[in-house]
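Presented below is the structure to which this report refers.
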Amino acid sequence: MDDVQSICVSLLGCVALFIGAVTAFSPTDSEFTFLLPAASKECFYQSAIHNGSIEIEYQVIAGAGMDVDFSVVSPQGLYLVSEFRRSDGVHMVEPTEAGDYQICFDNTFSRFSEKMVFFEVILDNPSNDAGADDEWAGLGEPESLLEYKLDDIKESMETVHRRLERSRQMQTVLRAFEARDRNLLEDNLWRVSFWSCVNLLVMLSVAFTQVYTVRRLFDDKRRVYS
């Protein structure tokens, strides 16, 4: 009988780990990097359910000025967020309405420079949590099952899930920062190289001008008669 209970406990643990892994890697967020042309505006749409939450984070990782105008519009057409000439930002919409939210990036103020923009949308839907609770409840544990508690396993898996999600989000943000810094360094390198070449040409021109001027001073073309 003890062996049977041990086998049941092992199977129960495997099922719990499987459910936790599926929950941890469920598609609850998305990220995108795009090129925003000069004097243009791009909008994206994100569906949401009632009483959920949306977290939006964006960064300008390339382009002159490293800034854009940003706005979030609700399904009812109300402006929830409006920012002007910003390089990055993080915004939370909670609770959400059922419908499509409009996320817009505006570069119309820049007539010549295009921008590269990274943004991430993180959704938190209560229906996902309710579904996970139903799955856990369906595992039903007898009290005599070697004192294993599903609540403890569930709490541990949810903690691991939250930390994994937070770690993944931080890695995504750090990659965006790294891309922005690299583009900024490359742009600065081009500027430094260009002006170094200009200064070198100016110095050579000044040197040749000085040599020519000095030689002209000692160049006496008058004839001497004896």
Side-chain angles (χ1 to χ4, degrees), residues 21-49 52-126 128 160-194:
V22 171
T23 304
F25 294 100
S26 59
T28 58
D29 59 339
S30 57
E31 58 189 56
F32 187 54
T33 302
F34 69 100
L35 191 63
L36 182 61
S40 66
K41 180 178 180 180
E42 293 285 348
C43 292
F44 302 86
Y45 295 87
Q46 175 64 57
S47 299
I49 64 173
S53 66
I54 299 179
E55 182 178 355
I56 306 169
E57 180 172 357
Y58 72 94
Q59 293 182 30
V60 182
I61 59 178
M66 307 281 284
D67 54 357
V68 294
D69 294 343
F70 174 77
S71 62
V72 178
V73 184
S74 70
Q76 304 299 328
L78 302 177
Y79 279 83
L80 304 179
V81 179
S82 292
E83 291 185 334
F84 304 96
R85 309 293 292 268
R86 293 289 301 273
S87 60
D88 56 69
V90 181
H91 300 281
M92 173 75 75
V93 179
E94 185 179 13
T96 57
E97 305 174 9
D100 294 332
Y101 282 80
Q102 187 176 356
I103 304 170
C104 295
F105 299 90
D106 192 347
N107 193 34
T108 54
F109 60 85
S110 180
R111 296 297 180 183
F112 304 102
S113 176
E114 59 186 13
K115 310 292 175 61
M116 183 173 293
V117 182
F118 162 83
F119 73 97
E120 182 180 20
V121 179
I122 302 174
L123 296 176
D124 186 9
N125 297 329
N128 293 340
V160 172
H161 166 59
R162 288 193 298 268
R163 291 179 178 177
L164 286 175
E165 283 293 317
R166 186 58 181 170
S167 299
R168 190 192 59 78
Q169 294 168 13
M170 290 301 298
Q171 290 176 354
T172 301
V173 172
L174 290 176
R175 285 197 300 269
F177 274 118
E178 188 273 336
R180 184 176 68 177
D181 293 341
R182 184 177 64 250
N183 291 327
L184 184 60
L185 287 174
E186 291 176 353
D187 186 55
N188 289 337
L189 176 62
W190 183 87
R191 292 183 180 181
V192 170
S193 300
F194 173 78

Q. In Å, rounded to the nearest 0.5 Å, how long is the span from CD of Glu31 to CD of Glu57?
A. 10.5 Å
Q.
Once rounded to the nearest 0.5 Å, what's the spacing between atom CD1 of Ile122 and atom OG of Ser30?
A. 9.0 Å
Q. Ring centroid separation for Phe119 and Phe105, is it under 6.0 angstrom?
A. yes
Q.
Listing request: all disulfide bond (SG atoms under 2.5 Å apart) pairs with a residue in residues 66-117, at least two apart in sequence or in separate chains.
A. Cys43-Cys104
Q: Keeping to residues at least two apart or across chains, list the side chain to side chain donor-acceptor pair (under 3.5 Å) pairs with something in residues 89-98.
A: Glu83-His91
Q) Roughly how far, to the nearest 0.5 Å, is the OG atom of Ser110 from the CZ atom of Arg85? A) 7.5 Å
(Q) Please find the pair of heavy atoms, one from Ile103 and one from Gln46, that lie closest to each other, and give the distance. (A) CD1-CB, 4.4 Å
Q. Hey, what do you get for OG1 (Thr108) to CG (Asp69), rounding to the nearest 0.5 Å?
A. 6.5 Å
Q. Got Phe84 and Phe109 here, is their nearest side-chain heavy-atom distance under 4.5 Å?
A. no
Q: Establish, from distance only, whether the side-chain atoms of Asp100 and Ser47 form a donor-acceptor pair under 3.5 Å.
A: yes
Q.
Would you compute the distance between atom OG of Ser193 and atom CG of Asn188 and round it to the nearest 0.5 angstrom?
A. 10.5 Å
Which atom pairs, one a donor and one an acceptor, fall under 3.5 Å between side chains of residues 70-82 and the rest of the protein, sequence neighbours left out?
unit_1	atom_1	unit_2	atom_2	d
Ser74	OG	Gln76	N	3.3
Ser74	OG	Leu78	N	3.1
Ser74	OG	Leu78	O	3.4

Q | Test item: Lys115 side-chain N/O and Asp67 main-chain N/O as donor-acceptor pair under 3.5 Å | A | yes
**Q.** Exam field: side chain Asn107 to backbone Pro37, donor-acceptor pair closer than 3.5 Å
**A.** yes
Q.
I need the Met66 CE to Arg86 CZ distance, nearest 0.5 Å.
A. 13.5 Å
